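Contents: one structure, followed by commentary.
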Protein chains: 2
Amino acid sequence: MLCGQIAKARMSSTTALTIEALHERVEAIFSKAGLNPAQAGAITRAIVAGERDACKSHGIYRIEGALRTVKAGKAEPKAVPELLPQDAPAIVKVDAKGGFANPAFELGLPVLVERARATGIAALAINNAVHFSALWVEVEALADAGLAGLAMCPSYATVAPTGGSRPLLGTNPFAFGWPRQEHPPYVFDFATSVAARGEIELHRRAGKQLPEGWAIDADGKPTTDPEAALGGAMLSFGGHKGSAIGTMIELLAGAMLGDLTSREALDLLGTTTLYPKHGELVIALSPEAFAAGRPGSPFSRAEALFEAILDQGARLPSQRRFLAREKSRRDGISLTPQEMEQLDRFLEQGLDAV
Amino acid sequence: MLCGQIAKARMSSTTALTIEALHERVEAIFSKAGLNPAQAGAITRAIVAGERDACKSHGIYRIEGALRTVKAGKAEPKAVPELLPQDAPAIVKVDAKGGFANPAFELGLPVLVERARATGIAALAINNAVHFSALWVEVEALADAGLAGLAMCPSYATVAPTGGSRPLLGTNPFAFGWPRQEHPPYVFDFATSVAARGEIELHRRAGKQLPEGWAIDADGKPTTDPEAALGGAMLSFGGHKGSAIGTMIELLAGAMLGDLTSREALDLLGTTTLYPKHGELVIALSPEAFAAGRPGSPFSRAEALFEAILDQGARLPSQRRFLAREKSRRDGISLTPQEMEQLDRFLEQGLDAV
């Protein structure tokens with residue numbers, strides 16, 4: 001995640017919008033661009049959540065890419081996701097029908113929650129979905145329902161497996177959430193590449209070298225040149241271990257769902273400038289069901305762990321995001337004049353703006 | 001995992017034992033030490049599998065620690081694991097009754113396989129188990145049944161969370177398996193610490209400095225001195241991402257199961273020289289159930305991915321282990337004179353040998 005790392009513009013002459021006002025504005029943009037209410041509503045919720053949490057990389061910055069993907073005919077603006085008949089009691093399947101993943105998730109969520117409570121562990125398999133938004137939105141929704149959750153999906157081939165020389169794996173995000181009663185949930189959500197592709201792009205624009213270990217060039221040699229990296233491949237976080245986890249995501253959220261791997265998604269799309277279409281896997285687990293009959297509470301035991309982390313001066317992931325959320329609720333969301341102009345332009349011109 | 005990294009002794013004057021002969025010898029050791037057939041059989045299978053695969057760190061090297069743990073009264077040699085009544089259709093619970101995790105896994109395995117096939121995804125929760133063996137044995141057993149699998153457990157607090165200064169997390173292994181028809185399964189199994197504790201111990205014995213980034217000293221400062229590292233804390237692989245995954249394992253395979261976190265396990269045991277008691281979580285997923293109704297085969301799609309990894313000169317995890325397995329099946333397992341003597345001594349003296 002790039003949360004908080006893009007557009008740290010000075011806050012002078014910014015406009016503060018309430019969360020609701022930003023929602024209204026973004027949803028109007030997507031409606032104007034021809035998206036039906038299911039699509040427009042769900043992706044607006046995800047984008048506004050990102051902006052609200054100062055996770056700028058997954059905020060309104062994503063509107064343009066979503067519009068471009070629709071304009072290119074690579075995302076169905078009128079898709080109505082369909083909940084498929086349930087064959088296996090612990091699998092909920094939703095066909096996104098070529099639309100965005102968010103409305104498919106929202107459709108599957110209540111069924112997934114109901115299933116996980118009934119069976120102890122359950123999975124939501126989303127197919128045929130265009131994906132561009134943060135996964136923390138989804139594991140947080142599960143945590144709100146008292147469930148632990150895992151979410152993962154392929155992306156498109158930009159990462160070389162450890163020991164390899166060419167892009168094959170995606171940046172394959174991996175997210176986890178754990179419910180807390182008195183606090184926002186324990187949540188992490190990160191790319192299994194060492195950096196997000198956007199960070200390499202940012203280095204290129206800024207004329208900065210990359211840190212060592214981020215990428216290889218087209219010949220498979222380590223490089224710190226962002227241009228060479230964009231023509232070569234990124235590397236996984238944590239060496240062969242991260243590469244193995246990235247591969248696991250290709251298998252579980254690609255092959256296993258009968259949907260595309262990152263290589264197949266890129267081959268089909270032919271570009272990394274639009275958002276890719278593939279599957280997504282979300283696993284929900286009921287701590288109450290797992291801990292039933294055992295002494296003590298799983299939630300208290302988890303709190304003792306969090307306390308011990310904080311006690312030694314370490315942070316919990318997403319802490320910064322939750323602080324930004326509080327601030328946005330209190331003070332509104334600050335947008336720069338450039339951001340406000342862009343929103344106006346999108347609203348006026350619809351798909352012609354991209 | 002330390003597979004292949006310990007005891008690369010010269011092979012002169014070694015004894016070659018068949019897999020069966022080694023099994024018989026190791027099982028006799030545990031029987032002599034007072035373990036009942038359920039305990040002795042299951043841990044022997046795990047230990048012999050490690051030795052067979054040249055995964056020396058999880059082979060006969062582990063016998064001594066298992067015996068010491070029994071002798072100290074910290075593992076129940078006569079435990080008969082119990083399959084608990086099933087409350088939730090997708091959770092299989094086994095109480096290891098203070099014995100080793102392996103017989104508990106073997107008891108739960110067929111039920112887990114049956115459940116995963118019926119419900120699509122299912123979990124095995126093991127409680128009250130003494131844990132010391134490799135998790136790849138378990139995800140391979142699921143792969144043999146045509147299922148994808150995840151396995152994880154806490155250990156005892158030896159790893160500091162990123163940004164922290166004191167041991168809190170365990171080395172928390174994380175394993176994954178995917179079934180392949182013409183080849184051994186795709187399997188990885190690694191510590192979520194940057195190195196296994198045994199590797200630091202090996203550096204200490206050899207008088208070698210540690211690589212940068214492995215550990216911090218008792219003051220929380222980075223160190224390359226193995227002695228200082230053993231008195232301080234290890235670090236997670238992959239920085240904050242690995243630390244987040246290690247924390248996830250504490251939550252899912254500790255707190256969620258109503259069992260001990262690594263901190264609690266160490267507090268209870270009071271030493272890192274014996275094997276810790278806690279829970280374990282194994283998740284089984286049916287690719288057939290997930291991919292039902294989708295075009296193509298999930299297994300062919302996975303094969304295309306593996307081929308693309310190998311095509312660019314990268315390796316699949318566990319490849320070296322599977323080669324060693326073939327060799328052991330063909331030529332037997334070679335043990336050094338020291339290893340043979342140790343086995344003889346264990347067999348003769350039982351718990352008095354440790």
Side-chain angles (χ1 to χ4, degrees), chain A residues 84 87-91 118-123 125 127 148 160-166 168 176 178 186 188 190 237-238 240-242 244 247-248 250-252 254-259 261 263 283 285-287 289-296 298 301-302 305 308-309 312-315 317, chain B residues 84 87-91 118-123 125 127 148 160-166 168 176 178 186 188 190 237-238 240-242 244 247-248 250-252 254-259 261 263 283 285-287 289-296 298 301-302 305 308-309 312-315 317:
Chain A
L84 301 180
D87 299 324
I91 304 180
T119 61
I121 180 173
N127 285 114
T162 295
S165 58
R166 292 191 301 277
L168 176 65
F176 169 73
W178 175 270
Y186 175 91
F188 68 74
F190 51 71
F237 90 98
H240 73 279
K241 295 181 182 181
T247 305
M248 174 190 84
E250 297 288 337
L251 292 168
L252 290 183
M256 188 177 79
L257 306 187
D259 214 317
T261 58
R263 178 78 261 166
I283 297 174
L285 307 103
S286 163
F290 276 94
R294 298 283 308 160
R301 190 161 255 141
L305 179 72
I309 291 174
Q312 53 176 284
R315 287 196 312 190
Chain B
L84 301 180
D87 300 323
I91 304 180
T119 60
I121 179 172
N127 285 114
T162 295
S165 58
R166 293 191 301 276
L168 176 65
F176 170 73
W178 176 269
Y186 175 91
F188 68 74
F190 52 70
F237 91 99
H240 72 280
K241 295 181 182 182
T247 305
M248 175 190 83
E250 297 289 338
L251 292 168
L252 290 183
M256 189 178 77
L257 307 187
D259 214 318
T261 58
R263 179 77 261 166
I283 297 174
L285 306 102
S286 163
F290 276 94
R294 297 283 309 160
R301 190 160 255 143
L305 179 72
I309 291 174
Q312 52 176 289
R315 287 195 312 189

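We use all heavy atoms of the structure for the numbers below, so side chains are in, but hydrogens, waters and symmetry mates are not. In what follows, chains carry the letters A, B, and so on, assigned in the order in which the sequence lines appear, proteins first and then strands, with residues in each chain numbered from 1. These numbers were taken from a predicted model, which means no experiment stands behind them.
Rounding to the nearest 0.5 angstrom, the gap separating the CH2 atom in A:Trp178 from the CE atom in B:Met256 is 6.5 Å. Note that CZ of B:Phe290 and CG of A:Asp87 are 12.0 Å apart. Values are rounded to the nearest 0.5 Å.
Taking both residues in full, the closest heavy atoms of A:Leu257 and A:Ala125 are given as CD2-CB, 3.8 Å, listed atom of the first, atom of the second, then distance. Across every non-hydrogen atom of A:Ala289 and B:Ile91, the tightest pair is CB-CD1, 3.8 Å. For A:Pro89 against A:Thr119, the heavy-atom pair with the smallest separation is O-CG2, 3.9 Å.
Using a 4.5 Å cut-off between heavy atoms, A:Ser165 contacts chain B through both its backbone and its side chain. In this structure, chain B has a heavy atom under 4.5 Å from the side chain of A:Ala148, while its backbone stays farther away. Proximity to chain B is limited to the side chain of A:Ile283, based on heavy atoms less than 4.5 angstrom apart. If you measure heavy-atom distances from A:Arg166 to chain B, the contacts under 4.5 Å come from both the backbone and the side chain.
Contact count versus chain A (heavy atoms, under 4.5 Å) is highest, among B:Gly254, B:Ala302, B:Ala291, for B:Ala291. Chain B forms the most heavy-atom pairs under 4.5 Å with one residue out of A:Gly293, A:Ala118, A:Gly164, A:Ala123, and that residue is A:Gly164. Of the listed residues (B:Gly120, B:Ala244, B:Gly238), the greatest number of heavy-atom pairs within a distance under 4.5 Å of chain A belongs to B:Ala244. Ranked by heavy-atom pairs under 4.5 Å with chain A, the list B:Ala255, B:Pro295, B:Gly163 is led by B:Ala255. The candidate from B:Gly313, B:Ser286, B:Pro298, B:Ala160 with the greatest count of non-hydrogen atom pairs under 4.5 Å with chain A is B:Pro298. For chain A, the option among B:Leu285, B:Leu84, B:Ile309, B:Asp259 with the highest count of heavy-atom pairs below 4.5 Å is B:Asp259. Contacts with chain A were tallied for B:Ala292, B:Gly296, B:Gly242, B:Pro317; B:Ala292 has the most, counting heavy-atom pairs under 4.5 Å.
Looking at residues two or more places apart in sequence or on another chain, you find no side chain to side chain donor-acceptor pair (under 3.5 Å) involving A:Arg294. Judged as a side chain to side chain donor-acceptor pair (under 3.5 Å), and not counting sequence neighbours, B:Thr247 has no contacts.
Between A:Phe190 and B:His240, the ring planes lie perpendicular to each other; the angle is over 60°, past the 30° to 60° tilted range.
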